[in-house]
Structure formats: structure tokens, C-alpha cells
Engineer: 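Handing you a structure now.
We count residues from 1, following the sequence as given.
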Amino acid sequence: MGAAKLLALCLVLAAVAWTEGQRPRAVKVGALFDYDSTIGRAAQLAIELAVDDVNADRSVLAGTKMDLITADTNCSGFVGTVQALQLMEKNVVAVVGPQSSVIGHVISHFVNELHVPLLSFAATDPTLSATEYSYFLRSTVSDYFQMRAIASIASYYQWKEVTAIFVDDDYGRGGVSALGDALAAKRGRISYKAVIPPGANTDVISDILFKVNMMESRVLVVHVNPDTGLRIK
């Protein structure tokens, strides 16, 4: 069973359990992501195929149908919040997403109040934890572990200083903060932080990279989303 199918199945099984023994004819599951992004396009296909697989096999949910409702966050915290609220109004039992740590921070507050599980496949900010947000789960690895691995690589090669390139949002700041802590534990440090504004165009990114080129550290740690990363050359 694929990861996406397992993810969707777990959500629906939980939803069925909440119906106090009454098996519904259908359950609504929301999906929240950016339609026009590298991760979003891949996620949409995977989620839709997973739903098709579950609905095609009646033994999985014993005849209960899974209805998928998707919403486009458009890489915006405001739009993502509005779309998440609209999903809640449609009585979804759980939401797959969001893909953004920024949106994850915002909507985790009210899904806690509404008791709707939020299962993200791409929000990696270490400060998004189940300890603080009891209805937030993720099927991906926190940046806390990724940054510890990067710090270990730096320590192995005896790189004491690195330059961090990141986007100025919750995802970027949370990851780089974890990197700083991990490097400090290995007696290293971030010597320069190159901050890319959210939504920056190629010219802005090129100017930032030019400044990075002037820095003493020749070890660069790039912590950005795939769409921004494709413009870093």
C-alpha cells in the first residue's frame, strides 16, 4: 500500500470511529495545498489516486465512500486560512495538508478548537509540534532532524562556519534556527544569513546571491521550497 493511500485510509478509519458506531455512506476529507507548485502538483495526483484506490476496493471501508474536497492555498497565509475555514464549513472529518509551514501555524489554532485532524505531508518547521497543536500531525520529517544531519556533515569535514540561504517565513526561519542550534552543538556556527523575501523574483534572488559570493564562508546551506530553489543558480 502506497504512503498516500495509507495516509488517506488512516484518516477515514479515524473518521468512521468517531461516528459512534454508525457507519456513514460517505465521509468528506479535505486536502489543502498550492495547486500551482512543484509539491502541490505531485501531491494532488497522489491524493486523488489514493482516494480512487480506496473507493475502488469496497473491503477497505466496508462500503463507505470517501469524498475528496480540495482547496488551493495559492502560497498565501491569508488565502490558505480562508480556504481552510471553508473546508471546515463543508463538514470534513480531516484535512490532508497544508504543504506550507506558514499556513500550518495559522490554521493549527482553529483546527484544535474544531477537533479536526490536520495531517501535513510537507510542513517541516520544527516549531509545529503535536505537543503544542494536538490535532496537527505530519507524515514528513521535521527539519530538526534534517539540520542535525547537516551539522554532522559539517563537523565531519571540519567546516566551522556556513552561510545559510533561506526564505523569510516560518518554514525558513524555523529551519535555520534549528540549523544554528545543531551547529552550535558541534562547535560550528552560521556566519551569514542570506534572507530571501517570500515571492522574490529572479533579480532579487540574484542580488542576494551576489552578496553571498562576497562572504568568507564557502559552505552554503540552502533551505528553501522547491519553487524558489529552482531559481537559485
Engineer: Please check this pair: side chain of Arg138 against backbone of Ala123, looking for a donor-acceptor N/O pair closer than 3.5 Å.
Structural biologist: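 Checking the backbone N and O of Ala123 against the side chain of Arg138, a donor-acceptor pair under 3.5 Å is found.
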Engineer: Looking at Ile69 and Lys28, what are the two nearest heavy atoms and their distance?
Structural biologist: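 Smallest interatomic distance, heavy atoms only, reads CD1-CD, 4.0 Å.
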Engineer: For Val116 and Val93, what are the C-alpha separation, side-chain angles and deciding distance, and is it a side chain to side chain contact (heavy atoms under 4.5 Å, CB included)?
Structural biologist: CA-CA 6 Å; Val116 177; Val93 296; over 6 Å; no
Engineer: Using the side-chain contact (heavy atoms from CB on, under 4.5 Å) criterion, which residues pair with Phe110? Sequence neighbours excluded.
Structural biologist: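 Phe110 satisfies side-chain contact (heavy atoms from CB on, under 4.5 Å) with Thr81, Ala84, Leu85, Met88, Ile107, Leu114 only.
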Engineer: Should Leu32 and Val96 be marked as a side chain to side chain contact (heavy atoms under 4.5 Å, CB included) after you check the CA-CA gap, both sets of side-chain angles, and the distance that decides it?
Structural biologist: CA-CA 6 Å; Leu32 197 62; Val96 180; over 6 Å; no
Engineer: Hey, what do you get for CD1 (Ile208) to CD1 (Ile196), rounding to the nearest 0.5 Å?
Structural biologist: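 Between atom CD1 of Ile208 and atom CD1 of Ile196 there are 5.0 Å.
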Engineer: Are more than 12 heavy atoms from other residues, nucleotides or ligands located less than 6.0 Å from atom NZ of Lys160?
Structural biologist: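 For Lys160, atom NZ is crowded (more than 12 foreign heavy atoms under 6.0 Å).
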Engineer: Taking all non-hydrogen atoms of both residues into account, name the closest pair between Ala122 and Ile39 and its distance.
Structural biologist: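 Ala122 and Ile39 have their closest heavy atoms at CB-CG2, 4.2 Å.
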Engineer: Can you name the ring-ring contact (aromatic ring centres under 6.0 Å, His included) partners of Tyr133, sequence neighbours left out?
Structural biologist: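 With neighbours one apart ignored, the set is His109.
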Engineer: Measuring from atom OG of Ser100 to atom CG of Asn74, what distance do you get when rounded to the nearest 0.5 angstrom?
Structural biologist: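 That separation rounds to 11.5 Å.
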Engineer: Pairs in or reaching into residues 191-211: which pass ring-ring contact (aromatic ring centres under 6.0 Å, His included), with residues at least two apart or in two chains?
Structural biologist: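 For residues 191-211: none.
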Engineer: Under the rule for side chain to side chain donor-acceptor pair (under 3.5 Å), what residues qualify as partners of Gln99, not counting sequence neighbours?
Structural biologist: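 Partners of Gln99 under the side chain to side chain donor-acceptor pair (under 3.5 Å) test: Ser37.
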Engineer: According to salt bridge (Lys or Arg N to Asp or Glu O under 4.0 Å), who are the partners of Asp67, at least two apart in sequence or on a separate chain?
Structural biologist: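 With neighbours one apart ignored, the set is Lys65.
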Engineer: Could you tell me which residues satisfy side-chain contact (heavy atoms from CB on, under 4.5 Å) with Thr127, sequence neighbours excluded, listed by chain and number?
Structural biologist: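 With sequence neighbours excluded, Thr127 shows a side-chain contact (heavy atoms from CB on, under 4.5 Å) to His105, Asp125, given in chain and number order.
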Engineer: Show which side-chain atoms of residues 165-174 pair as donor or acceptor with protein atoms under 3.5 Å away, not counting sequence neighbours.
Structural biologist:
from   : atom 1 : to     : atom 2 : distance (Å)
Asp168 : OD1    : Arg173 : NH1    : 2.7
Asp169 : OD1    : Tyr171 : N      : 3.2
Asp169 : OD1    : Gly172 : N      : 2.8
Asp170 : OD1    : Arg173 : NH2    : 3.2
Tyr171 : OH     : Val224 : O      : 3.4
Arg173 : NH1    : Asp168 : O      : 3.3

Engineer: Between Val162 and Ser191, does the side chain to side chain contact (heavy atoms under 4.5 Å, CB included) criterion hold? Intermediate values first, please.
Structural biologist: CA-CA 6 Å; Val162 305; Ser191 59; 6.0 Å; no
Engineer: Compile the donor-acceptor pairs under 3.5 Å between side chains in residues 145-159 and protein atoms, sequence neighbours left out, one pair per line.
Structural biologist:
from   : atom 1 : to     : atom 2 : distance (Å)
Gln146 : NE2    : Asp143 : OD1    : 3.3
Arg148 : NH1    : Tyr144 : OH     : 3.4
Ser152 : OG     : Arg148 : O      : 3.0

Engineer: Going from CE on Met66 to CG on Asp52, what distance comes out if it is rounded to the nearest 0.5 angstrom?
Structural biologist: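 So the CE of Met66 and the CG of Asp52 are separated by 10.0 Å.
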Engineer: For Asn55 and Val51, what are the C-alpha separation, side-chain angles and deciding distance, and is it a side chain to side chain contact (heavy atoms under 4.5 Å, CB included)?
Structural biologist: CA-CA 6 Å; Asn55 287 335; Val51 171; 3.5 Å; yes
Engineer: Heavy atoms only: give me the nearest Ala31-Ile47 pair and the separation to one decimal.
Structural biologist: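 In terms of heavy atoms, the two residues are closest at CB-CD1, 4.2 Å.
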Engineer: Ignoring hydrogens and angles, state whether a donor on the side chain of Thr228 or Asn225 is under 3.5 Å from an acceptor on the partner side chain.
Structural biologist: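 Present: a donor and an acceptor within the cut-off.
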Engineer: Side-chain heavy atoms nearer than 4.5 Å, only ILVMFWY residues, links allowed to pass through others: does that put Leu209 and Val195 together?
Structural biologist: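 Hydrophobic grouping puts Leu209 apart from Val195.
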Engineer: Tell me whether Ile103 is reachable from Val82 by hopping between hydrophobic residues (I, L, V, M, F, W, Y) whose side-chain heavy atoms are closer than 4.5 Å.
Structural biologist: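 In one cluster with Val82: Ile103, no.
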Engineer: So, using side chain to side chain donor-acceptor pair (under 3.5 Å) as the criterion, who are the partners of Ser134 when residues are at least two apart?
Structural biologist: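 Residues passing side chain to side chain donor-acceptor pair (under 3.5 Å) with Ser134: none at all.
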Engineer: Any side chain to side chain donor-acceptor pair (under 3.5 Å) pairs touching residues 39-48, not counting sequence neighbours?
Structural biologist: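 Listed by first then second residue: Asp36-Arg41, Gln44-Glu48.
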Engineer: Return the minimal non-hydrogen interatomic distance between Thr64 and Pro24, and the atom names on each side.
Structural biologist: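 Looking at all heavy atoms of both residues, the shortest contact is OG1-O, 2.8 Å.
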Engineer: So do the side chains of Asp72 and Asp34 get within less than 4.5 Å of each other, counting heavy atoms only?
Structural biologist: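 Result yes, sub-4.5 Å side-chain heavy-atom pair found.
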Engineer: Which distance, rounded to the nearest 0.5 Å, do you find between the OG of Ser120 and the CG of Leu118?
Structural biologist: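 Answer rounded to 0.5 Å: 7.0 Å.
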Engineer: Show me the pairs that pass ring-ring contact (aromatic ring centres under 6.0 Å, His included) and involve residues 24-44, at least two apart or across chains.
Structural biologist: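 For residues 24-44: Phe33-Tyr35.
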Engineer: Do Leu45 and Leu119 share a hydrophobic cluster, counting only Ile, Leu, Val, Met, Phe, Trp and Tyr and linking them when any side-chain heavy atoms are less than 4.5 Å apart?
Structural biologist: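 Leu45 and Leu119: separate clusters.
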Engineer: How long is the straight-line distance from OG1 of Thr70 back to CG of Leu87, given to the nearest 0.5 Å?
Structural biologist: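 If we round to the nearest 0.5 Å, Leu87:CG and Thr70:OG1 are 8.5 Å apart.
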Engineer: Which heavy atom of Ala194 sits nearest a heavy atom of Val212, and at what distance?
Structural biologist: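 Taking Ala194 first and Val212 second, the nearest heavy atoms are CB-CG2, 3.4 Å.
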Engineer: Under 3.5 Å, which donor-acceptor pairs do the side chains of residues 175-190 form with other protein atoms, sequence neighbours left out?
Structural biologist:
from   : atom 1 : to     : atom 2 : distance (Å)
Arg189 : NE     : Glu161 : OE2    : 3.0
Arg189 : NH2    : Glu161 : OE2    : 2.7

